[in-house]
Amino acid sequence: MSGGSYYVPATSKWPVLGSLALGVMMIGAGMALVHGNGTIVMSLGLIGVLTVMALWFRDVVMESRQGLYDAQMDRSFRQGMGWFIFSEVMFFAAFFGALFYIRVFALPWLDGEGAKGVAALLWPDFSATWPLMSPPDPSVSGPREVMNPWQLPLVNTLILVASSITLTIAHEGLKESNRTACRNWLIATLALGFVFVIIQGVEYYQAVTHYGITLQAGIYGATFFMLTGFHGLHVIIGVTILAVMLVRILRGHFGGHDHFGFEASCWYWHFVDVVWIGLFLFVYVF
Amino acid sequence: MAPKLPPHHSLQHSSTTATAGGQVHDDHDHHPQPRGIMRWLLTTNHKEIGSLYLIFSLIMFFIGGIFALVVRAELFQPGLNLINPEFFNQMTTMHGLIMVFAAVMPAFTGLANWMIPLQIGAPDMALPRLNNFSFWLLPVAFTLLLSTLLMPGGGPNFGWTFYAPLSTTYAPPSTTFFILSLHIAGVSSILGAINIVATILNMRAPGMRMMDMPLFVWTWLITAFLLIAVMPVLAGVITMMLMDINFGTSFFDAAGGGDPVLFQHLFWFFGHPEVYIMILPAFGIVSAIIPTFARKRLFGYASMVYATASIAVLSFLVWAHHMFVVGLPLAATLFFMYTTMLIAVPTGVKVFNWITTLFRGSITFEVPMLFALAFVVLFTIGGFSGLMLAIAPADFQYHDTYFVVAHFHYVLVPGAVFSIMAAVYYWLPKWTGHYPSEILGKWHFWLSVIGVNLTFFPMHFSGLAGMPRRIPDYALQFADFNLVSSLGAFLFGFSQLIFVWVIIKCVRGGVKAPAKAWDGAEDLEWSVPSPAPLHTFETPPDFKPVQH
Amino acid sequence: MRKMLALMTGGGTLFGGASLAHANGWNMPVGVTDLSAEIYTLHMTIFWICVVIGIVVFGVMFYSLFKFRRSKGAKSAHFHENTTVEVIWTAVPLLILVGMAVPATATLQKMYDASDAELDVMITGQQWRWRYEYLGEDVAFNSNMSTPRAQITGEEERGEHYLLEVDEPLVLPINRKVRFLLTADDVIHSWWVPDFAVKQDTIPGFINENWVRINEPGIYRGQCAELCGMDHGFMPIVVHAMEEDEFDQWLVERKEAAEAEAMGVDREWEMDELMERGEQVYGSICASCHQADGGGSPPAFPGLAGNQELIDDVDWHIDVVLNGVSGTAMPAFRSNLNPVELAAVVTYSRNAWGNDTGDAVQPAEIVELLE
Ligand code: HEA
Ligand code: HEA
Ligand code: CUA
Ligand SMILES: [Cu+2]
């Protein structure tokens with residue numbers, strides 16, 4: 001434990017403004033979904049949330065650069081980030097859990113297999129397959145065709161794995177105070193992240209227009225889009241974070257030893273990468 | 001039993017009592033402190049945020065309580081007397097939601113905010129600004145939640161467990177707002193929990209090892225872990241609902257290949273640990289209070305820690321005991337029955353340790369102790385009915401009857417809520433510098449104990465006799481039980497006004513309390529002055545573990 | 001006054017209640033099946049185990065509270081750890097639990113064994129009634145609560161079986177193993193008759209199995225046990241258990257009646273007949289959502305009276321009733337009602353409450369559409 005003193009931050013207006021903005025955003029979202037007229041409110045809230053985050057983080061960066069944080073504060077940040085990522089893991093676990101439950105239990109039951117196979121009485125024509133092309137009720141139209149995992153998804157896998165590697169190299173560069181290397185590899189990582197998002201966009205476009213995979217296309221469409229969609233959202237957030245890191249590197253922030261902001265971004269990016277591996281295996285391949 | 005005030009000698013067993021100010025890096029010395037409402041809006045101080053949480057939760061306890069009283073008033077007699085079934089369902093649902101998410105959980109978080117830094121000798125929480133954020137999300141979330149009651153079609157009416165498809169395809173339009181408000185509350189819980197974990201792991205006074213931490217800190221560490229692990233799952237499942245409602249996905253609809261039971265698995269994977277989230281900190285509080293007033297060290301400290309951890313681990317493996325009648329395969333039913341029964345073992349260890357702590361102590365009965373003792377007895381009764389519910393074949397009869405309602409109110413009201421009241425009486429001297437009124441406190445206690453039992457004990461009988469939950473009207477043979485329950489509920493409810501009175505009186509003045517307000521109290525919080533100054537432990541205290 | 005008395009006796013016996021627990025109305029019924037009796041025994045066994053543990057635990061606790069008070073000069077001892085006792089009080093409860101788990105497992109296995117049933121009954125939960133279908137027998141009917149509204153609002157004296165009475169009870173034979181197949185059309189319900197110790201959720205889109213073998217003839221009552229919306233509290237279950245031959249006779253009669261109605265499909269129906277039958281169907285099925293006066297309760301449930309879309313478009317009207325509106329509470333009735341009922345209810349709603357379209361939809365038309 002550190003002896004001596006401890007940094008207690010001054011009062012701050014960001015937390016309360018942030019929660020207000022989040023509230024506005026949620027109300028807007030609700031209005032948009034329920035009454036169809038909340039987009040403006042939601043956007044204002046979102047802008048508010050993003051602004052508050054930006055200013056809040058700016059404060060933290062400034063305090064950090066003023067040397068206000070000691071080793072203990074650094075540990076707090078590390079643990080905070082670590083546990084935050086754990087919570088994200090559990091969020092994805094819910095969706096993976098849903099996917100496994102549907103595939104292992106629900107669909108076979110609906111098809112007459114297993115402990116609750118009597119359910120098939122209700123769906124005499126149904127046969128359980130995965131990917132589920134024809135849902136039990138014919139009025140729900142399933143996808144016409146599904147992604148070939150060995151095309152775009154494979155490319156995307158390679159891209160993300162590569163980006164994890166380039167990011168690690170960038171991190172090593174920073175540790176050795178080789179800032180040019182760090183900058184270059186970070187740019188490479190960002191580029192890979194961008195390409196991933198674009199490819200994912202192309203894939204979505206194909207899915208919707210050519211394959212008939214939509215959110216409404218039965219449970220396959222639902223799990224496909226929710227899992228890849230939340231992952232994609234996390235990639236976009238990760239790219240944004242890495243972009244901020246690039247700006248900070250360019251401005252000469254971070255030392256060879258104290259660069260937790262950078263390290264946290266790396267953790268986050270690797271986490272996003274690992275989630276993708278899970279997706280690739282269980283959403284695309286198997 | 002003549003009320004006995006604790007001795008007044010000001011005994012400070014630590015020379016390192018901290019005083020405010022004087023720190024090199026302290027920003028707050030250079031900026032003027034904002035005043036008035038701004039002070040509370042902008043604060044980063046764990047004590048102020050703790051107070052905010054506690055006040056918020058008290059208000060919500062009353063709101064949730066008033067909803068319960070509406071339910072009880074309707075059930076006072078057979079027939080539809082006051083409200084229509086639709087509104088009844090909204091009241092039941094909102095009562096459960098508000099009590100769980102807005103009263104009990106924030107109260108424990110408030111206590112954690114106030115006491116954990118004091119108990120581990122830290123100057124504040126690890127991430128003070130985040131702490132403020134976690135709090136201010138709550139009023140936003142619950143204002144939104146309560147406002148759904150005024151929306152067209154009414155508020156949530158599908159029970160606090162919101163089973164699909166009643167909560168999706170068949171739900172009122174306000175459900176989308178309900179989901180979004182729960183998202184905000186979830187963010188608040190997760191961030192708050194992260195903060196607590198970081199504080200405990202990282203901010204302990206030099207020399208304080210994990211196994212030196214007070215049990216309140218231990219139980220909260222484990223609770224916070226549970227929160228971080230399960231709140232995101234709740235977020236996930238309500239997101240699926242949102243998609244089913246608004247975007248035509250079929251997670252919970254067999255027509256598209258989904259399954260309504262999937263909802264329940266996900267919900268209870270969150271929901272069961274959630275009920276332990278509401279009881280583990282209570283265990284910590286009782287483990288602090290009983291040794292203090294028995295003037296004897298807690299028996300079996302280490303086994304208490306291990307028991308808490310075992311309960312937490314088991315809590316991830318028992319969720320489907322809420323789903324015995326949904327038609328689980330036999331193997332699953334057996335698995336969940338066995339794991340659920342196992343929880344009685346570590347919980348029993350806790351009960352036995354408390355009682356052995358009392359054994360050959362030197363016991364006095366101040367108000368916090370009374371609440372703690374009532375906790376031990378009544379929680380155990382609730383635990384017994386829990387164990388009965390765990391026996392799957394019998395649960396086929398108990399499930400969704402008032403027997404279940406009796407079970408969970410015993411563990412929640414004289415369980416969780418009593419422990420919170422005990423904590424408030426116990427730590428009020430530290431917070432305000434005054435002792436709470438012993439006489440009023442005793443009135444509050446005895447009326448509450450009588451009220452609670454009058455309300456919830458008959459529910460065992462009405463449940464066994466066949467009264468289902470969540471019905472606005474009932475067959476005539478349940479009339480007497482319900483009459484008693486309703487009278488008890490009003491007695492209990494109105495007794496809580498005494499509680500508020502005690503608190504207000506205590507904040508305003510009263511018998512001055514020394515640093516060590518209770519002569520048997522040993523933890524670090526009793527080494528700082530009463531009331532605890534705004535800033536404490538800015539230089540870490542010199543912590544000496546108790547000698548073995 | 002009677003209430004006060006009830007209250008006092010209620011309150012007085014409250015805490016002695018445990019010992020009275022086997023008296024009627026305080027406790028779980030023993031029931032009329034082997035399994036229900038077994039479950040009752042299991043329930044009482046765990047109950048008494050808990051009572052004994054409670055007496056021991058609270059005994060030690062209250063002994064300590066009386067014996068070791070400071071006001072009596074008690075000085076606190078210093079012990080605070082003892083591995084042996086910790087091990088003992090971990091192991092002993094564990095053994096007790098194993099003792100409970102053994103009979104529980106045995107009972108559970110029997111409950112799950114629905115094989116070799118002599119009669120299959122499909123039970124379908126609907127907001128807010130039950131539908132019973134004797135599989136393979138062509139007999140099916142709906143069962144609605146029959147307690148009048150006036151009793152609920154208190155304008156009329158409440159009857160003995162207030163809220164626990166239906167227009168058509170489920171009829172079952174005694175001494176035969178009856179298998180239930182349970183499902184739902186809309187939300188989750190739960191079919192519960194305490195005397196059978198059968199409580200099983202009905203999950204839309206899935207089927208659960210359960211079974212019963214009743215030992216005694218009689219009338220047994222229960223209620224829907226899963227929150228299913230507004231009228232969850234008004235969804236009772238009544239089972240009429242009959243001697244076997246009596247049941248067989250009943251089944252034959254029902255079959256004949258069903259056949260007679262099926263014959264009706266082929267003939268032309270008069271407007272009056274359709275309206276009469278339609279009003280009956282409407283009252284028992286549709287009124288719970290669309291209200292008896294056809295006014296509905298917008299926005300959730302649209303009104304049918306004066307509904308222009310409905311008046312203008314008979315094909316659409318029939319389609320909605322046959323196939324429901326997916327994603328809403330409006331169920332598909334194609335397999336829940338027979339062609340006569342469908343034709344009648346459509347005709348009724350096209351002519352009642354001033355809709356006055358004059359259309360008489362014939363059962364034969366419906367049969368065509370159903371194919
Ligand atoms: C604080 C909250 C809390 C706590 C601590 C508990 C504790 C327990 N609960 Fe409870 N429970 C709820 C809150 C809680 N519960 C809620 C809110 C619901 C309903 C949700 C809803 O549907 O709305 C519920 C419902 C519920 C059900 C589902 C019932 C149903 O819907 O059909 C079950 C079934 O197994 C159950 C079991 C248990 C068990 C075994 C424990 C155990 O942890 C209890 C262990 C304690 C003891 C056993 C007593 C002390 C031990 C000894 C003295 C040792 C010796 C004892 C023996 C060997 C017997 N609970
Ligand atoms: C911690 C949680 C908690 C707490 C503390 C309580 C407290 C109480 N609950 Fe509980 N309850 C739940 C959690 C809780 N409950 C849950 C989870 C459910 C399940 C919901 C569901 O089925 O979905 C439930 C369901 C539930 C039911 C079943 C409803 C049904 O199935 O239809 C009933 C019925 O009696 C009930 C009663 C009460 C009562 C009388 C109290 C009393 O303790 C309340 C005490 C009252 C007050 C504190 C009010 C004080 C206010 C005043 C005196 C007025 C003063 C006025 C002003 C100041 C303006 N509750
Ligand atoms: Cu049907 Cu409750
Ligand atoms: Cu549980």
Side-chain angles (χ1 to χ4, degrees), chain A residues 1 3-16 18-20 22-23 26-27 29-30 33-34 56 68 72 75-76 79-80 83-84 86-88 90-91 93-95 97-98 101-102 105-107 110 114-116 122-123 132 135-137 139-140 215-216 218-222 226, chain B residues 23-28 31 34 41-44 123-124 126-129 132-133 136-137 140 144 173 176-177 180-181 183-184 190 194 197-198 201-206 228-229 232-233 235-237 240 243 246-251 254-259 262 265-266 327 329 538-540:
Chain A
M1 304 290 132
S5 58
Y6 176 75
Y7 178 70
V8 179
T11 57
S12 163
K13 53 185 174 300
W14 307 132
V16 70
S19 49
L20 216 66
L22 189 64
M26 289 303 195
I27 292 172
L33 290 172
V34 180
W56 187 339
L68 292 172
Q72 190 176 33
R75 276 198 306 275
S76 291
Q79 291 180 350
W83 287 104
F84 172 70
F86 174 59
S87 79
E88 291 266 49
M90 292 308 292
F91 182 75
F95 287 91
Y101 176 86
I102 294 291
F105 297 111
L107 290 179
L110 290 169
K116 292 183 59 183
L122 297 172
W123 315 103
L132 181 64
D137 187 334
S139 74
V140 183
L215 278 170
Q216 293 85 21
I219 193 67
Y220 178 79
M226 292 308 283
Chain B
Q23 299 309 312
V24 191
H25 291 319
D26 268 347
D27 251 310
H28 53 255
H31 297 290
L41 287 175
L42 307 185
T43 180
T44 49
D124 204 301
L127 304 159
R129 266 180 302 227
N132 188 26
F133 186 48
W136 282 107
L137 286 171
V140 173
L144 183 55
T176 297
F177 288 98
L180 295 171
S181 72
H183 268 308
I184 305 179
I190 294 173
I194 289 175
V197 175
L201 292 182
N202 194 24
M203 309 271 296
R204 295 190 307 280
I228 302 171
V233 176
V237 67
M240 292 176 208
M243 300 306 288
N246 293 296
F247 297 97
T249 53
S250 24
F251 284 104
D259 184 350
L262 168 63
H265 282 292
L266 290 168
E538 289 183 313
T539 34

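These figures come from a predicted structure and were not determined experimentally. Throughout, protein chains are lettered first and strands after them, A, B, ... in sequence-line order, and every chain is numbered starting at 1.
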Distance (rounded to the nearest 0.5 Å) between B:Ile184 CD1 and A:Leu22 CG: 5.0 Å
Chain B shares the most heavy-atom pairs under 4.5 Å, among A:Gly218, A:Gly23, A:Pro136, A:Pro135, with A:Pro136
Among A:Trp14, A:Phe105, A:Phe95, which residue has the highest count of heavy-atom pairs closer than 4.5 Å to chain B? A:Phe95
Closest non-hydrogen atom pair between A:Pro15 and B:Asn132, with its separation: CB-ND2, 3.6 Å
Side chain, backbone, both or neither: which part of A:Leu110 has a non-hydrogen atom closer than 4.5 Å to chain B? side chain
Shortest non-hydrogen separation from A:Gly30 to B:Leu180 and the atoms involved: N-CD1, 3.4 Å
So which of B:Ala254, B:Gly258, B:Ser181, B:Pro232 has the largest heavy-atom pair count under 4.5 angstrom toward chain A? B:Pro232
Tell me, please, which residues at least two apart from B:Phe133 pass ring-ring contact (aromatic ring centres under 6.0 Å, His included). A:Trp56
Measure distances from B:Phe177 to the heavy atoms of chain A and classify the residue's part below 4.5 Å as side chain, backbone, both or neither. side chain
If you take all heavy atoms of B:Met243 and A:Leu215, which pair is closest and at what distance? CE-CD1, 3.6 Å
With a 4.5 angstrom heavy-atom cut-off, is it the side chain or the backbone of A:Leu122 that approaches chain B, or both, or neither? neither
Can you tell me how far CD1 of B:Ile190 sits from CE of A:Met90, rounded to the nearest 0.5 angstrom? 10.5 Å
At a heavy-atom separation under 4.5 Å, does A:Met26 approach chain B through its side chain, its backbone, both, or neither? both
Looking only at heavy atoms, the pair that brings A:Ser87 and B:Ile228 closest together is CB-CG2, 3.7 Å
Can you confirm whether A:Trp83 sits close enough to B:Leu201 that some side-chain heavy atom of one is under 4.5 Å from a side-chain heavy atom of the other? yes
For B:Ala198 against A:Ser76, the heavy-atom pair lying closest together: CB-O, 4.2 Å
Value rounded to 0.5 Å, distance of CZ in A:Phe86 from CD1 in B:Ile194: 10.5 Å
Heavy-atom check, side chain of B:Asn202 versus side chain of A:Gln72, under 4.5 Å: yes
Looking only at A:Ser139, A:Ala98, A:Ala106, the option with the highest number of non-hydrogen pairs under 4.5 Å against chain B is A:Ala98
Check ring-ring contact (aromatic ring centres under 6.0 Å, His included) between A:Phe84 and all other residues, then give those that pass, not counting sequence neighbours. none
Which bit of A:Lys13 is near chain B, if near means a heavy-atom gap under 4.5 Å: side chain, backbone, both or neither? both
Name the region of B:Leu137, side chain, backbone, both or neither, that has any atom closer than 4.5 Å to a heavy atom of chain A. both
For the interface with chain A, which of B:Ala229, B:Ala255, B:Ala235, B:Pro173 has the highest count of heavy-atom pairs at distances below 4.5 Å? B:Ala255
Turns out that what part of A:Ile102 lies under 4.5 Å from chain B's heavy atoms comes down to side chain
Quick one: does B:Phe251's side chain get under 4.5 Å of A:Ile219's, heavy atoms only? yes
Heavy-atom contact with chain B under 4.5 Å, split by part of A:Ala115: side chain
For A:Tyr101 and B:His265, take the angle between the two ring planes, folded into 0 to 90°, and tell me which bin it lands in: parallel under 30, tilted 30 to 60, perpendicular over 60. tilted
For B:Leu266 versus A:Ala94, what's the shortest heavy-atom pair and its separation? CD2-O, 3.8 Å
Contact origin within A:Ala93 toward chain B - heavy atom pairs under 4.5 Å: neither
Report which part of B:Leu41 has an atom under 4.5 Å of a heavy atom belonging to chain A: side chain, backbone, both, or neither. both
Residue B:Asn246 versus chain A: region with a heavy atom under 4.5 Å: side chain
